[in-house]
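Structure first, then comments.
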Amino acid sequence: MDSDEGQQSSFYALRTTIGQERNVASMIYSRISKLGVNIYSILVTPELRGYIVIEALDHTEIEKSLPGISHVRGIVEGEMAIDDIEKFLEPVSAVAKVNLGDVVEFTSGPFKGSRARVTKVDETKEEITVVLFEATVPIPVTVSGNDIRIVMKEELG
Amino acid sequence: MKVNACKECKRLTELDVCESCKAKTTPNWIGFVAIADPERSDVAQKMGIKLKGKYALKVR
């Protein structure tokens, strides 16, 4: 199998049960050397829920490694381009898309479901400071960028 | 079992200090990359990974 030296690798998406992406990736990784399959890397990114990306010589190499692994839902037909993968390799900050004045909704924590307006964005700490709409007294609250989603962007101009 | 990521090389480990670069590790990390063949992997080359193993995509 060493005759493939110098051949380019290809990227394939594997469907998994949501929440089991890393377990599936670890299981496949532990089988690579045991089975001697030509899988070069396995990528799990929070942006692709229910999928993992496998870099391999071809899809048959992936198929060889899958029998008996739970939570695998099948290989997606076709290859992925390297350009599609690159954006996942350097994840952007959780607050990169948040601007002053945006309306956000809390997705976790004690304020879950509440809406607020952004008054400060800290890119390095990935935190935002907001003022809750429901609060009678406008007290600024600083929270992690991972705990919110943007509901409405501040209108430009 | 708690898994930490090295603040320097992003390698995943259960220890408080990275086994390969001796830097501190942190439990605040996201994303997961398992590199099986650093020489043939485009992902490893783009991320500058030279040793096979499990890595985080982003370490805080």
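Reminder, nothing fancy here: chain letters follow the sequence lines and each chain counts from 1. Just so it is clear, the values below take in all heavy atoms, side chains as well, and ignore hydrogens, waters and symmetry mates.
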Rounded to the nearest 0.5 angstrom, the CD-CG distance for A:E126 and B:N28 is 10.0 Å
So do B:R40 and A:L57 actually touch side chain to side chain, heavy atoms under 4.5 Å?
-> no
Is A:L43 linked to A:I62 within one hydrophobic cluster, defined over Ile, Leu, Val, Met, Phe, Trp and Tyr using a side-chain heavy-atom separation of less than 4.5 Å?
-> no
Where A:A25 and B:F32 come nearest, the two heavy atoms and their spacing = CB-CE2, 3.6 Å
Which one, B:K52, B:M47, B:K46, leads in non-hydrogen pairs under 4.5 Å with chain A?
-> B:K46
Does any non-hydrogen side-chain atom of B:D37 lie less than 4.5 Å from one of A:E55?
-> no
Interchain contact, A:E21 with chain B, by part (heavy-atom threshold 4.5 Å) | neither
Cluster overlap B:Y55 with A:F88, hydrophobic side-chain contacts below 4.5 Å | yes
Looking at CD of B:Q45 and OG of A:S41, how far apart are the two atoms once the value is rounded to the nearest 0.5 Å?
-> 10.5 Å
Heavy-atom closest pair (B:A34 atom, A:Y29 atom, distance to 0.1 Å) is CB-CD1, 3.5 Å
Start with the C-alpha distance between B:V33 and A:I42, add both sets of side-chain angles, then the distance that settles side-chain contact (heavy atoms from CB on, under 4.5 Å), and finish with yes or no.
-> CA-CA 6 Å; B:V33 189; A:I42 307 166; over 6 Å; no
Heavy-atom proximity to chain B below 4.5 Å, by part of A:I39 = backbone
Joint hydrophobic cluster, A:I85 plus A:I52, side-chain heavy atoms closer than 4.5 Å = no
What closest approach, in Å, do A:F11 and B:D42 show between heavy atoms, and which atom pair accounts for it?
-> CZ-CB, 4.1 Å
Rounded to the nearest 0.5 Å, the CG atom of A:L89 sits from the NZ atom of B:K58 at a distance of 13.5 Å
Tell me whether A:V53 is reachable from B:I35 by hopping between hydrophobic residues (I, L, V, M, F, W, Y) whose side-chain heavy atoms are closer than 4.5 Å.
-> yes
According to a 4.5 Å side-chain heavy-atom criterion applied to Ile, Leu, Val, Met, Phe, Trp and Tyr, with indirect links allowed, do B:V59 and B:L12 form part of one hydrophobic cluster?
-> yes
